[in-house]
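Some notes on the structure that comes next.
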Amino acid sequence: MATQTDTLVQRLAFWGIPLSFGVMGLKLVAWWVTGSVALLSDGLESTVNVVAAFIAYFVIRYAQKPADRDHPYGHHKAEYLSAVLEGVLIVVAALLIIREAGAALRSPEMLDAPVLGLAINAAAAVINLVWARLLIRVGKSHRSPALSADGHHIMSDVVTSAGVLVGLGLVIATGYAILDPILAIVVACNIIWQGWKVISHSVDGLMDKAVEPEEEEAIRQAIKANSEGSLGVHYLRSRRAGAATFVAFDLVVPARMSVGDAHVICDRLELAVHNAVPGTRVTIHVEPENEMAHGADVELGH
């Protein structure tokens, strides 16, 4: 199952490369036909998509390497590095757009062949929309931060394209050429915001942020329902590293319980937590009763 998941994620990351080239080509043709600085800004963001697609593909392949002596917990966090870099590239693209728009503000010009240019850009936006939704869905279901970041970035590109199309429609309808560079600056501000969100989410992963509240509740319920034979569970903690989730807690057992019996309880709890949150790696520290507890307790079902 894990191999099938890895293959699917890698395959999507690979096909993102030629697709991003194709979309970038369409957008640059739209800019060449019209001379619109807003369409140029949209095309510049797509150049970032190309770079990000290459980075995502190679980083995802590296992140899926099995654990080794130097990386006993695996290479999953490499995907967060990819996502952070992609966020930085998004911001750089926005700054380039602002520079181009600033120059155009001083001498705005009406568009050439606007209908053809907008039609080409609209076709590129539709392709991006379908692809972004697929990447986000697969990235979320298979816990791939790099794939999800790529999908959200492309979705921000779709929003950008939609805004550009609406704005350029106003330019054509009103005849105010200055709306073109103003629109490009608005687009750039939105791109910066999207880039910041990608960076922020990825940094959380690098800083070992705990699992989402609903997942933590599922873990607690699994422990509660499968802790028979123990006396208590405390010091529950979790962290997410790409596709992997790590959970650890202390298990209190009677002082006279044998190691074998305690091991049986641990095996049952590990399986229950894994079933509640697939892909979870569980570490349990067994303690005899009357030891001083630390950390938050988990309410048991017995």
Side-chain angles (χ1 to χ4, degrees), residues 1-6 8-9 12 56 59-60 62-67 71-84 86-87 135-153 155 196-227 230 232-252 265-287 293-301:
M1 182 65 182
T3 302
Q4 292 178 349
T5 295
D6 291 351
L8 174 61
V9 171
L12 286 176
V59 169
I60 283 173
Y62 179 80
Q64 291 176 348
K65 289 175 58 178
H71 305 89
Y73 291 98
H75 303 78
H76 311 286
K77 283 193 176 183
E79 289 202 41
Y80 290 122
L81 296 175
S82 168
V84 169
E86 183 165 347
L135 291 182
I136 292 172
R137 179 170 58 82
V138 175
K140 182 177 181 180
S141 62
H142 295 296
R143 299 179 181 178
S144 172
L147 211 61
S148 294
D150 210 18
H152 284 293
H153 175 201
M155 187 60 77
W196 167 250
K197 288 199 296 184
V198 169
I199 293 171
S200 176
H201 175 76
S202 302
V203 168
D204 278 343
L206 289 172
M207 296 298 292
D208 289 334
K209 184 180 179 182
V211 298
E212 296 300 321
E214 58 271 18
E215 289 182 314
E216 181 172 335
E217 181 59 26
I219 292 169
R220 285 179 174 273
Q221 291 301 321
I223 293 172
K224 180 178 179 179
N226 293 274
S227 57
S230 68
V233 171
H234 58 91
Y235 197 29
L236 174 65
R237 60 254 189 227
S238 64
R239 65 183 177 92
R240 171 66 52 76
T245 300
F246 295 89
V247 171
F249 55 87
D250 292 357
L251 179 71
V252 181
I265 300 173
C266 289
D267 280 349
R268 187 170 66 241
L269 286 169
E270 287 177 14
L271 180 59
V273 172
H274 179 79
N275 289 338
V277 181
T280 301
R281 303 182 186 185
V282 184
T283 300
I284 303 175
H285 173 66
V286 178
E287 291 183 349
H294 51 284
D297 289 339
V298 177
E299 182 183 349
L300 302 183

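Throughout, residue positions are numbered sequentially from 1 according to the sequence presented. Side-chain atoms are counted along with the backbone in the values below, which use heavy atoms only and exclude waters and symmetry mates.
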### Task
Could you give me the CA-CA distance, side-chain angles and deciding distance for D267 and L271, then say whether side chain to side chain contact (heavy atoms under 4.5 Å, CB included) is met?
CA-CA 6 Å; D267 280 349; L271 180 59; over 6 Å; no
#### Entry: Worked check of side chain to side chain contact (heavy atoms under 4.5 Å, CB included) between V277 and V247
CA-CA 10 Å; V277 181; V247 171; over 6 Å; no
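Of all heavy-atom pairs between G151 and L135, the closest is CA-CB, 3.7 Å. In terms of heavy-atom proximity, A276 sits nearest to A218 at CB-O, 3.8 Å. Contact between D250 and R237 at its shortest, heavy atoms only, is OD1-NH1, 4.0 Å.
When side chains are defined from C-beta on, L269 does not count as touching V282, because their heavy atoms never get closer than 4.5 Å. Taking 4.5 Å as the limit, some side-chain heavy atom of Q221 sits within range of a side-chain heavy atom of K224. F249 places a side-chain heavy atom less than 4.5 Å from the side chain of I284. Within the 4.5 Å cutoff, the side chain of V211 has no heavy atoms near those of the T280 side chain.
We find the NZ-OG distance between K209 and S238 to be 11.0 Å, quoted to the nearest 0.5 Å. Between the CD1 atom of I136 and the OG atom of S148 there is a distance of 7.5 Å, given to the nearest 0.5 Å. Taking CZ from R281 and CD from E270, the interatomic distance works out to 12.5 Å, rounded to the nearest 0.5 Å.
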